[in-house]
Amino acid sequence: YSRALLSAAACRVIALDRDPHVKILADALAREFPGHFLFMPARFSAMMTVLADVGVNAVDAIVLDIGVSSMQFDEDVRGFSFQREAPLDMRMGDEGATAADIVNGYSEAELARILYEYGEEKDSRRIARAIVQARNVQKITTTRQLAEIISGAVRGAGRMKIHPATRSFQALRIEVNQELAELEAALAAAEH
């Protein structure tokens, strides 16, 4: 959408993203639209600070591209997908707790809450209990390992239209990246 905006109007786009892997794509866009595209490695919630740092005190529009991108799913080492064996990471950036930290460190009750609230997982308590039991035997470190634990805990897993781990992986990703808090902070910053 940044390319579409820049192609359609005489404007300047200041793009923020916490994913350091985006820089390569952003650099290409900056070369394509010299002087009209600026990439800043930052969270959306930091937009006021970033804009002030580059001397901008007003904008015409703000676009928030929230959630995970297909590029992040495609990179095995990021651990966003249970389709391939990968480290259980799920971080959009390079800082903070990983999904492995959460599944191995949070209490059973906290895991159940996250799975229910962020993934709308009706088997959240069963999954949380299975995770705690599994981690007591061996630390959970990979996407497939976690997906198998979840699949074993979900009732009727074989009859589901989506993979039994889909909702749980979504919930963990939201927790790892504090996506709802980030969105709330970004929306508050956008009002100013």
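Quick note: residue numbers are just sequence positions, from 1.
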Is Glu148 reaching over with its side chain to a backbone N or O of Gln145, donor-acceptor style, under 3.5 angstrom?
-> no

Starting from the C-alpha separation in whole Å, work towards a yes-or-no answer on side-chain contact (heavy atoms from CB on, under 4.5 Å) for Leu180 and Tyr118.
-> CA-CA 9 Å; Leu180 298 181; Tyr118 300 158; 3.5 Å; yes

Any donor-acceptor pair under 3.5 Å linking the side chain of Asp101 with the backbone of Thr98?
-> yes

Is a side-chain donor or acceptor of Arg12 paired with a backbone partner of Phe37 at a separation under 3.5 angstrom?
-> no

Glu182 side chain to Phe44 backbone, donor-acceptor under 3.5 Å = yes

For Ile114, does its backbone N or O pair with a side-chain atom of Glu121 as donor and acceptor, under 3.5 Å?
-> no

Does the pair Phe169 and His163 meet the rule for a side-chain contact (heavy atoms from CB on, under 4.5 Å), with working shown?
-> CA-CA 10 Å; Phe169 269 61; His163 191 284; over 6 Å; no

Does any N or O in the side chain of His36 come within less than 3.5 Å of the main-chain N or O of Cys11, such that one atom is a donor and the other an acceptor?
-> yes

Going only through I, L, V, M, F, W and Y residues with side-chain contacts under 4.5 Å, is there a path from Val54 to Leu16?
-> yes

Give the cluster check for Leu111 versus Val137: same hydrophobic cluster or not, with ILVMFWY residues linked at side-chain heavy-atom distances below 4.5 Å.
-> no

Exactly one of Asp123, Leu115, Ile127, Thr166 clears side chain to side chain contact (heavy atoms under 4.5 Å, CB included) with Ile150, and that residue is Ile127

Pro164 and Ser151 have their tightest heavy-atom pair at CG-OG, 3.7 Å

Check whether Tyr116 and Val154 end up in the same hydrophobic cluster, where Ile, Leu, Val, Met, Phe, Trp and Tyr are linked by side-chain heavy atoms less than 4.5 Å apart.
-> no

Take atom CG of Asn136 as the centre, draw a 6.0 Å sphere, and report whether it contains more than 12 heavy atoms from other residues, nucleotides or ligands.
-> yes

Between Glu95 and Arg43, is there a salt bridge with N-O shorter than 4.0 Å?
-> yes

Rounding to 0.5 Å, atoms CE (Met90) and CD1 (Ile102) come to a distance of 8.5 Å

Does a sphere of radius 6.0 Å around CD in Glu184 hold more than 12 heavy atoms from other residues, nucleotides or ligands, not counting ones at 6.0 Å or beyond?
-> no

Student check: side-chain heavy atoms of Leu146 and Leu172 closer than 4.5 Å = yes

Euclidean distance, Arg113 CZ relative to Ser107 OG, rounded to 0.5 Å | 9.0 Å

Is there a donor-acceptor pair closer than 3.5 Å between any side-chain N or O of Asn104 and the backbone N or O of Lys139?
-> no

More than 12 non-hydrogen atoms from neighbouring residues, nucleotides or ligands closer than 6.0 Å to CD1 on Ile24, yes or no?
-> no

Hey, could you give me the CE/CG distance between Met47 and Leu187, rounded to the nearest 0.5 Å?
-> 7.5 Å

So, the side chain of Glu108 versus the backbone of Val132: is there a donor-acceptor pair under 3.5 Å, distance only?
-> no

Looking at Ala130 and Ala153, what are the two nearest heavy atoms and their distance?
-> CB-CB, 3.7 Å

NZ/Lys23 to CE/Met40 distance, rounded to the nearest 0.5 angstrom?
-> 10.5 Å

Answer with yes or no whether the hydrophobic clustering places Leu38 together with Tyr1; edges join I, L, V, M, F, W, Y residues whose side-chain heavy atoms lie under 4.5 Å apart.
-> no

Report yes if the side chains of Ile14 and Val56 come closer than 4.5 Å at any heavy-atom pair, otherwise no.
-> yes

Smallest separation among heavy atoms of Val176 and Ala97, with atom names | CG1-O, 3.4 Å

Check step by step if side-chain contact (heavy atoms from CB on, under 4.5 Å) holds for Thr143 and Asp89.
-> CA-CA 8 Å; Thr143 54; Asp89 192 320; over 6 Å; no

Cluster link Val50 to Val63, ILVMFWY, side chain under 4.5 Å | no

Note: Ser45 and Ala185 closest approach over all heavy atoms is CB-CB, 3.5 Å

Considering only heavy atoms from C-beta outward, does the side chain of Phe33 approach that of Arg3 to under 4.5 Å?
-> yes

List the steps and the verdict of side-chain contact (heavy atoms from CB on, under 4.5 Å) for Asn57 and Leu51.
-> CA-CA 7 Å; Asn57 57 16; Leu51 291 172; over 6 Å; no

So, do Thr142 and Leu88 sit near enough that their side-chain heavy atoms are less than 4.5 Å apart?
-> no

Answer yes or no: is there a side-chain heavy-atom contact under 4.5 Å between Thr141 and Pro87?
-> no

Salt bridge between Glu120 and Arg167, side-chain N to carboxylate O under 4.0 Å?
-> no

Considering only NZ, NE, NH1 and NH2 on the basic side and carboxylate oxygens on the acidic side, decide whether Asp27 and Arg31 come within less than 4.0 Å.
-> no

Decide if atom CZ of Arg125 counts as having more than 12 heavy atoms of other residues, nucleotides or ligands within a radius under 6.0 Å.
-> no

When you measure from the side chain of Asn177 to the backbone N and O of Met92, does any donor-acceptor pair fall under 3.5 Å?
-> yes

